[in-house]
Amino acid sequence: MEEILQSLNNEQKNAVLNNDSNVLILAGAGTGKTRVITSKIIYFIKEKNVSPRTILAVTFTNKAANEMKERIENYFKSDFDLMIRTFHSFCSYILRNEAFLVNRSRYFQIFDSDDSGKVLKKILAEYKNIENKSARYYYKLIQIYKQNLGKTHFKNIDLDNFKKIYDSYEDYLLKSNCFDFEDLITKTIGIFNKYPMILEKYKSRFKYILVDEYQDTNKSQFELLKLLKGKENKILVVGDEDQSIYKFRGADINNILNFQNDFDDAKIIKLELNYRSTEYILETANSVIKNNQLRLGKNLYCNNKKGNKITLFNAVNELDEVEKIIDIMNQKKFKPDETAILYRTNNQSRPFEQIFNKFSIPFVILGSIAFYEREEIKDAVSILKWVINPRDRISFSRFINKPSRGIGEKTINLIFNESEKHDYDILKALKNINEVKGISKNTCKKLSDIYQIFYSANDMNIKTLDKLLLYYLEKLKIYEHYEIIDSKEGLDKVSNIKELVSSVRNIICSEDEILNYLENVTLSPVLDDEKGRKEKIKLLTAHNAKGLEFENVFIIGMEEGLFPSSRSMEDEIENYDEEERRLFYVAITRAKSNLIISYCQNRNLYGLFTERTRSRFIDEIPENLLQLNFYNQNGNNKINFKTGDVVKHKDYGKGKIIRIDFINGKRVALIDFWDHSCFELFLDKIKLEKIEE
DNA sequence: CGGTAGACAGAGTAC
DNA sequence: CTGTCTACCG
């Protein structure tokens, strides 16, 4: 323990040793918070003789959970019965224990938003969709409704209609023996409220509650924590209000802002010493975030060197932006492996894919479409989900008609009706398919064959999951379904499925192992394959970059409407740009040594060229931290010309700068001269003065 | 039931 | 621009 404490700074030590009250550790970016949490858990176990079994640590990503667990077990060199999980996976653990209390079996499966959307689509079709709103719209409403534990005050929404759709949705999930994401939290709370004895059981077990990324908790998660904590236990939360970027997912920044009001005897310990970034980068981060009102307030400092100034450049369009980034990387000799390109929206990776591919520049996109969200992967996984939980209608519908074998919506509905009539699961309905009226002889035969495939699997004594999955895939002819689409796309899908098969070769074919695997697939989507990351430039959204760090960071597309996003402006009236500013702050603080920020003058949006203005956030960076116009290295012309400036030339007279471009590192301005036509001039070679209009 | 063509809406971050 | 939904025909 001594050596652990010695390696901590005073702030961190204080956070580890302070155990008499409820504590909020307000940890800025790069201040070593994971280290503090793990040290704290080690301290509990080693110095306070706390049984590991009584510790509950909740995180938001499985990555963080695994990292903590690993560090602790490495220290003690032994496995512990430590409950370190994400909110969702912790609740899933409780729900599997207590499933019968919410009319489910422990084999329940979890619907992702895609599955939920399909359920809602079916329901809306039945109701003829009175309000003519999309399934996605209702999914969002239901999510919000659940996150707020039914205490939402919807405005301008037909509540009777909503309630009807909501009830049908809940009914569908119940019949499918499934939960959606929000259910995991809310149904757990439901059990705790309804059955105090059950709550007592968990409360008396988990005496020490630690929460990571507290700024990302939503209302229901907050309620869950309060229930578990009760009056008896202490709670320790770690978070950073400046990095609260998941409002769209229900995160309520007020949880962290109000911590001292919500819990009595609460203490705040700040961690402000940053180990990650150079001073210029930290100063940039600090000057941006201080424009936010909703803060507890902290100011990062470091003992690192000043470092390089922040490079800011503009590009003609999104393709030019890519080319300039390649140029900068070459000139500054950035290693691809240590470089990340961060953007606001996933589709901004496109021009990079195009150009990087053209020049064979190695890159990897992190987390755009998670592997497990791909159509073909979901198809394959849905087979296993249905095997484990044969009431799951959505999973059954996914694979049953791939390749098409004449089993369409009509037949599927007849099967569902049959299973509902007798309270069978779907497998049993297939077994008795001959009794179902309205299905043709031919189709009946096909369904019986499918029943045989699943029935026989039990007798085959298959040992590992890859073999089992392969058996189903071959018998059901899923490969053929995708191979028949004789294109690169189809072949990619086949190879993705093969990758999936080989990834489960170490999983034993027991119900529990498969159940555990399926839960991980849904609750801990892997960002990418680690093996392919080396020596490659990383492309990812600012959201996905949270918690990561890179030597060199490009933040691209810093334009009004994009970053800050115009959609976030519609979302709320007050402080509408604060969440976006936090996101920018997160992006800035990912950089260790070099930070480059860029924006475009034009951008192709939905097929149209649109003129852009640079982001308001850029103006919040003090000019003395910026290295402007990276390409203007000669410094012949000290004037900082920009688009829209009115200028005067001794021969051509007055004109207006339309845009500024760079050719071979030299600034070139396209100027619309009033007495002449429009033409381009090298800014650093001509005599040009800026004048007032 | 299934495939396809053409219309049309939407366009964002993700456990 | 692109993905999705609808209408129609085999």
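To find a chain, count down the sequence lines: A is the first, B the second, and so on, and within it residues start at 1. Everything numeric in this text was worked out from a predicted model, so none of it was measured. When reading the values below, keep in mind they use all heavy atoms of this one structure, side chains included, and skip hydrogens, waters and symmetry mates.
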- Item | Residue among N218(A), D183(A), T186(A), T152(A) satisfying side chain to side chain donor-acceptor pair (under 3.5 Å) with K146(A) | D183(A)
- Task: Could you label the plane-to-plane angle of the Y202(A) and F206(A) rings as parallel, tilted or perpendicular, counting under 30° as parallel and over 60° as perpendicular?
- Result: parallel
- Query: Is the phosphate of dA14(B), meaning OP1 or OP2, less than 4.0 Å from a side-chain N or O of N544(A)?
  - Reply: yes
- Query: So, does the side chain of R249(A) form a donor-acceptor pair with the base of dT13(B) at under 3.5 Å?
  - Reply: no
- Note on the structure: Output field dot_bracket for DNA chain B (Watson-Crick or G-U, both distances under 3.5 Å, | for other-strand pairs) contains ||||||||||.....
- So, is S404(A) close to the dG3(B) phosphate, meaning a side-chain N or O under 4.0 Å from OP1 or OP2? yes
- Does NZ or CZ of R249(A) come closer than 6.0 Å to the centre of the six-membered ring of Y246(A), within 45° of the ring's axis? yes
- List the protein contact pattern of nucleotides 2-10 of chain C with one symbol per nucleotide (5' to 3'): B for base contact, S for sugar-phosphate-only contact, - for none; contact means a heavy-atom distance under 4.0 Å. S--S-----
- Message: I want to verify a distance call: between dG12(B), dA14(B), dG3(B), whose nearest atom is closest to the N346(A) side chain?
- Response: dA14(B)
- With a 4.0 Å cut-off, would you call R582(A) and D240(A) a salt bridge? no
- Item | Phosphate contact (dA14(B) OP1 or OP2) by T541(A) side-chain N/O below 4.0 Å | yes
- In terms of ring plane angle, is the pair F87(A) and F60(A) parallel, tilted or perpendicular, where the classes change at 30° and 60°? tilted
- Query: Does anything in residues 442-450 of chain A reach DNA chain B, meaning a heavy atom under 4.0 Å, and if so which residues?
  - Reply: none
- Message: Side chain of F181(A) only, heavy atoms from C-beta on: which candidate in dC15(B), dG2(B), dT13(B) is closest?
- Response: dC15(B)
- Pi stacking test for Y246(A) and dT13(B): under 5.5 Å apart, planes under 30°: no
- Message: For L605(A) and T59(A), find the nucleotide of DNA chain B closest to each by heavy atoms; which residue's nucleotide sits nearer the 5' end?
- Response: L605(A)
